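First the structure, in the form of structure tokens, and then the observations on it.
Basis for what follows: all heavy atoms, side chains included, without hydrogens, waters or symmetry-related copies. Not measured: the values here are computed from a predicted model. Residue numbers run from 1 in the order of the sequence given.
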Amino acid sequence: MNDQGIKKILVADDSPDILELINILLSAEGYEIVSAQNGQEAVDFTDETIDLIILDVMMPIKSGFKACVEIREKSTVPILFLTAKTQDSDKVMGFSVGGDDYLAKPFSYVELVSRVKSMLRRFYVYQGSGIITSPSQLTLRDLNLNLDTRTLTRNQRVINLTDIEYQILELLLSHLKKIFSTENLYESIWREPYFYQASNTIMVHIRNLRQKIEENPREPQYVKTAWGKGYYID
């Protein structure tokens, strides 16, 4: 990841025309583009220099969903799914495997560039600038969230979080017992106006977070639900 300088974006799509189009659009905005033609290449090309990944879902050798799972084993950079599949179930699947956002084909130049800039801004500009900046660690029972390294440990074991999962956990830990509605969470983290379908997005990210930090995700001891109101940690 590059905190400064030109941001490098990995784009994976099996359509040469779409790869060329995205390359032209994003290069014109000053980004460096790395192109992959299938899911396996996307996994192979992901390293510490990549700042954002755009993944097509339907690709040969390895789908975007499968590639995302493997990428998440070594990287927490933002992942944008780019696909013609727009059903809610497909979106839920994308978020479940570690994706951060979803853009449907056909897309406009303005929409693509806006989404990319928003995701990069959220990941780099806003990270570490949340409500609590000191101390550098938030600790609750056996959970320890290091705000400097953006890492979570439980009983000294590292738990890998996506950027969105980290931001949700940091926000909730910074305000123990405070109930955040789905609208609160979405607008605080995405920094965009809330829309109705965003509730599903929040729900999936909360479920993924619980799978990682709870002994029994069905009976969470950390991220709890206030029915009809939202989520909180106590």
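- With sequence neighbours left out, the salt bridge (charged side-chain N to carboxylate O under 4.0 Å, His left out) criterion links Lys62 to Glu70.
- Partner of Leu138 under the side-chain contact (heavy atoms from CB on, under 4.5 Å) criterion, out of Asn144, Leu147, Asn146: Leu147 alone.
- A continuous path of ILVMFWY side-chain contacts below 4.5 Å connects Ile54 to Val110, so both sit in one hydrophobic cluster.
- In this structure the side chain of Leu140 reaches within 4.5 angstrom of the side chain of Leu176, judged on heavy atoms.
- At distances below 3.5 Å, not a single donor-acceptor pair connects side-chain atoms of Ser75 with backbone N or O atoms of Ile71.
- Ile50 CD1 to Leu10 CG: the interatomic distance, rounded to the nearest 0.5 Å, is 5.0 Å.
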Note to self: Show, in sequence, the C-alpha distance, side-chain angles and deciding distance for Glu73 and Asn160, and conclude whether the side chain to side chain contact (heavy atoms under 4.5 Å, CB included) test is met.
What the structure shows: CA-CA 8 Å; Glu73 294 176 355; Asn160 293 320; over 6 Å; no
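- Every residue two or more places apart in sequence or in another chain was checked for a ring pair (Phe, Tyr, Trp, His ring centres under 6.0 Å) with Tyr31, and none qualifies.
- Asp13 approaches Lys105 most closely through the heavy-atom pair OD2-NZ, 3.1 Å.
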Note to self: Between Gln37 and Leu19, does the side chain to side chain contact (heavy atoms under 4.5 Å, CB included) criterion hold? Intermediate values first, please.
What the structure shows: CA-CA 8 Å; Gln37 297 182 332; Leu19 279 180; 3.9 Å; yes
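- Within a 6.0 Å radius of NZ in Lys212, more than 12 heavy atoms belonging to other residues, nucleotides or ligands are found.
- Side-chain contact of Thr49 with Asp47: a donor-acceptor pair under 3.5 Å is present, judged by distance alone.
- For the side chain to side chain donor-acceptor pair (under 3.5 Å) test, residues two or more places apart in sequence or in another chain that qualify with Tyr222 are Asp142.
- Closest approach of Asp51 to Val77, counting heavy atoms only: O-CB, 3.6 Å.
- By the side-chain contact (heavy atoms from CB on, under 4.5 Å) test, Val113 pairs with Leu26, Glu29, Tyr109, Lys117, sequence neighbours left out.
- With sequence neighbours excluded, no residue forms a side-chain contact (heavy atoms from CB on, under 4.5 Å) with Ser114.
- Summarising the geometry, atom CG belonging to Leu172 is positioned 13.5 Å from atom NZ belonging to Lys177; distances are rounded to the nearest 0.5 Å.
- Applying the side-chain contact (heavy atoms from CB on, under 4.5 Å) test to Pro60 and every residue at least two apart in sequence or in another chain returns Asp14, Asn38.
- In this structure, CZ on Arg207 lies 13.5 Å from CD1 on Ile202, to the nearest 0.5 angstrom.
- Applying the under-4.5 Å side-chain rule to Ile, Leu, Val, Met, Phe, Trp and Tyr, the cluster around Val158 consists of that residue alone.
- Ile9 CD1 to Ile33 CD1: the interatomic distance, rounded to the nearest 0.5 Å, is 4.5 Å.
- Shortest non-hydrogen contact noted between Gly39 and Ala67 is O-CB, 3.6 Å.
- Side-chain contact between Leu161 and Thr76: absent, with no pair of heavy atoms (C-beta onward) separated by less than 4.5 Å.
- Counting heavy atoms from C-beta on, the side chains of Thr162 and Arg72 come closer than 4.5 Å.
- When all heavy atoms are compared, the tightest approach of Ser35 to Phe45 is O-CE1, 3.3 Å.
- In this structure, Lys8 contributes its side chain and Val34 its backbone to no donor-acceptor pair below 3.5 Å.
- In this structure, Ile164 and Asn208 have side chains that are not in contact, with every pair of non-hydrogen atoms separated by 4.5 Å or more.
- The salt bridge (charged side-chain N to carboxylate O under 4.0 Å, His left out) check on Glu215 picks up Arg154, with sequence neighbours excluded.
- At distances below 3.5 Å, at least one donor-acceptor pair connects side-chain atoms of Gln221 with backbone N or O atoms of Glu219.
- Linking Ile, Leu, Val, Met, Phe, Trp and Tyr residues whenever their side-chain heavy atoms come within less than 4.5 Å places Met203 and Trp190 in a single cluster.
- Scored by the side chain to side chain donor-acceptor pair (under 3.5 Å) test, Glu111 finds Arg115 as partners (sequence neighbours excluded).
- Between Phe81 and Phe65, the ring-plane angle classifies as perpendicular under the 30° and 60° cut-offs.
- Proximity of Leu82 to Ile22: side-chain heavy atoms (C-beta onward) are separated by under 4.5 Å at one or more points.
- A continuous path of Ile, Leu, Val, Met, Phe, Trp and Tyr side chains, each step under 4.5 Å between heavy atoms, connects Met58 with Val97, placing both in one hydrophobic cluster.
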Check: Going through the checks in order, is the side chain to side chain contact (heavy atoms under 4.5 Å, CB included) test met by Asp56 and Ile18?
Finding: CA-CA 10 Å; Asp56 183 33; Ile18 291 180; over 6 Å; no
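- Between Tyr194 and Tyr186, the ring planes are perpendicular. Angles over 60° get that label, and only those under 30° would be called parallel.
- Across Ile168 and Ile189, no two heavy atoms sit closer than the pair CG1-CD1, 3.3 Å.
- A search for side chain to side chain donor-acceptor pair (under 3.5 Å) contacts involving Ser27 returns Asn23, not counting sequence neighbours.
- Scanning both residues, Cys68 and Gly98, for their nearest heavy atoms gives SG-C, 3.7 Å.
- If you chain together hydrophobic residues whose side chains sit under 4.5 Å apart, Leu209 and Ile179 never meet in one group.
- With sequence neighbours excluded, no residue forms a salt bridge (charged side-chain N to carboxylate O under 4.0 Å, His left out) with Lys178.
- Between the CD1 atom of Ile213 and the CG atom of Leu145 there is a distance of 10.0 Å, given to the nearest 0.5 Å.
- Rounded to the nearest 0.5 Å, atoms CD1 (Ile61) and NZ (Lys66) are 12.0 Å apart.
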Atom pairs and distances, donor-acceptor, side-chain atoms in residues 223-234, under 3.5 Å, two or more places apart:
{"residue": "Lys224", "atom": "NZ", "partner": "Asp234", "partner atom": "OD1", "Å": "2.9"}
{"residue": "Thr225", "atom": "OG1", "partner": "Arg210", "partner atom": "NH2", "Å": "2.7"}

